[in-house]
There are 2 protein chains.
Amino acid sequence: MTGPATPPSTPSSAASGTPVDFTSGPPDGAPQLRADAARNRSRLLDAASQLLTEQGPERLTMDAVACAAGVGKGTVFRRFGDRSGLLLALLDHREHEFQGAFLGGPAPLGPGAPAVDRLHAFGPALIRHESDHHELILASRKDPLRPYAAPPYRLRHTHVAMLLREAGSGPDPEYLAHTLLGATDTALVHHLTKAGGRTFEQLEANWHDLVSRFTGPGA
Amino acid sequence: MTGPATPPSTPSSAASGTPVDFTSGPPDGAPQLRADAARNRSRLLDAASQLLTEQGPERLTMDAVACAAGVGKGTVFRRFGDRSGLLLALLDHREHEFQGAFLGGPAPLGPGAPAVDRLHAFGPALIRHESDHHELILASRKDPLRPYAAPPYRLRHTHVAMLLREAGSGPDPEYLAHTLLGATDTALVHHLTKAGGRTFEQLEANWHDLVSRFTGPGA
DNA sequence: AATCTAAGCGGACCTTGGTCCGGTTGTTCG
DNA sequence: CGAACAACCGGACCAAGGTCCGCTTAGATT
């Protein structure tokens, strides 16, 4: 440790935008984190979060984050693998919120409503979520194959496929789920709203149209 | 010009895989190319093509291409903008072949057949085309937003949207076209066939299913 | 408390995409 | 043909992601 150490207590809370507590790392995945490692992890996430809200994703270099956290560069890469990993980790908290909403939140997005209704509710929520974090999401997309293998996409896919199956969508709900998710891809939505002149309302209407076609008389 | 100049005649023909003549640059887009610039351009494409078939996309560094072409690095960037640009230029020839097939080739892919039939024919052709060049296509995807703004995607989108409109697909054929193209995205197809255990036949069947849903009774 | 070990650390180092600018060379026009 | 100009060339240079390895230290064991 070289840089000026921050006070040992409450090392968290992001800069301005939206304070998120990074002190509690995910106890799953990684078996356990040594005390200093956990501390550095949250320092790094704090620093990254701050740099992000202050200067945007393009200025978020690994050196800058390491330096701002008072940590060596190697530490950043060891903890997060690569730049995308750091960005994704930054997104993780929001991602869990969204997951909680459609897995266990109030109906019709959460359980309790008919599958078709949940499906209709899912699109707008997803579009909203991705749009809220499009900067981070787009910045983390260096490898076009990676998203499909990552937990967020897999979970959404499983969820949508289950609802489609439950709603009786036809022979291959898994593929239809990919199609539905593709239709709300962050990059596409961003393109359509920024360069294509579409509004969110139109995109939502299109989602509903798609869901209708996929759950209507076509089984 | 520093490196050992290749014989002045017939500077083209790729290494092994599939010889493509790069001597004729696109007379559109760029107003005109000075003689030496055109020569260097085709040398670079030749060198890149050779490196590609010999060692795969990941070994295709800009330095290596410049060196192999006997040209300075700056020349590569001036001509192609960035790495993706070079990769896309490498793909351009094949892209034009594919475009010719669905714009002016034999029916049912080309004109002459009913819109629905052309739509059904388009999917398999597209999947085949993208799969054939998935290495290049995936390697060129660094910026997730770029594909939507690039000519190949725009042309496909216009084409599919037109066919959908012609087939009477409903209120927003443009969006349905995006959905259809998203369902055959190179990365998705690659993911499904490599990690998802799908076969091309299944993907084609799914395409036909989607087209049916989009052109069936839903206007 | 002393010891031992594996996890962690940091920053020098490498690679590679991308920029810049002084010198060179086609091309055109008188 | 010769001058003038714009396009072009090349490689030194920079930034940023990613790797490596010798040193440090948390935390378990006795």
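Chain letters run A, B, ... following the sequence lines, proteins first and then strands; every chain starts at 1. It should be emphasised that the depicted structure is a prediction, and the values quoted were computed from it without experimental measurement.
Distance, B/L33 CG to D/dC9 P: 8 Å, rounded to whole Å. Rounded to a whole Å, the CZ atom of A/R39 is 8 Å from the P atom of C/dC9. Rounded to a whole Å, the CZ atom of B/F80 is 15 Å from the P atom of C/dG17. Atom NZ in B/K142 sits roughly 10 Å away from atom C1' in D/dA16 (whole-Å rounding). One atom, CZ of A/R43, and another, P of C/dG8, lie 16 Å apart when rounded to the nearest Å. The separation between A/L44 atom CG and C/dC9 atom C1' is 12 Å, rounded to whole Å. Rounding to whole angstrom units, CG of residue A/D36 and C1' of C/dG10 are separated by 13 Å. The CE-C1' distance, from B/M62 to D/dC9, rounds to 16 Å in whole Å.
Not one side-chain nitrogen or oxygen of B/R34 sits closer than 4.0 Å to the OP1 or OP2 atom of C/dT27. In this structure, A/N40 reaches the C/dC9 phosphate: one of its side-chain N or O atoms is under 4.0 Å from OP1 or OP2. Close to D/dG10, at under 4.0 Å from its OP1 or OP2, lies a side-chain N or O of B/T75. OP1 or OP2 of D/dC9 sits under 4.0 Å from a side-chain N or O of B/R79.
The backbone N or O of B/L109 lies less than 3.5 Å from a partner atom in the side chain of B/R118, making a donor-acceptor pair. At distances below 3.5 Å, not a single donor-acceptor pair connects side-chain atoms of A/S49 with backbone N or O atoms of A/L45. In this structure, the side chain of A/S84 engages the main chain of A/S140 through a donor-acceptor pair within 3.5 Å. Under a 3.5 Å cut-off, the side chain of B/Y175 and the backbone N or O of A/A183 do form a donor-acceptor pair.
The end-to-end axis angle of the helix from C/dA1-D/dT30 to C/dG30-D/dC1, rounded to 10 degrees and based on five pairs per end, is 10°.
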Trace of the side-chain contact (heavy atoms from CB on, under 4.5 Å) decision for B/L210 with A/L176:
CA-CA 8 Å; B/L210 285 178; A/L176 289 182; 3.7 Å; yes
Using the rule given for side-chain hydrogen bond (donor to acceptor under 3.5 Å, both in side chains), can you reason through B/H157 versus B/E174, listing the C-alpha separation, both sets of side-chain angles and the distance that settles it, and then say yes or no?
CA-CA 8 Å; B/H157 176 257; B/E174 311 250 326; 4.6 Å; no
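Proximity note for A/K73 (side chain, C-beta onward) versus C/dA12, C/dG10, C/dG18: the nearest is C/dA12.
Counted by atom type alone, A/E130 and A/H190 present zero donor-acceptor pairs between their side chains at under 3.5 Å.
Heavy-atom nearest nucleotides on DNA chain D were determined for A/G74 and for A/T61, and the one closer to the 5' end corresponds to A/T61. Comparing B/R78 and A/R78 against DNA chain C, the residue whose closest nucleotide sits nearer the 5' end is A/R78.
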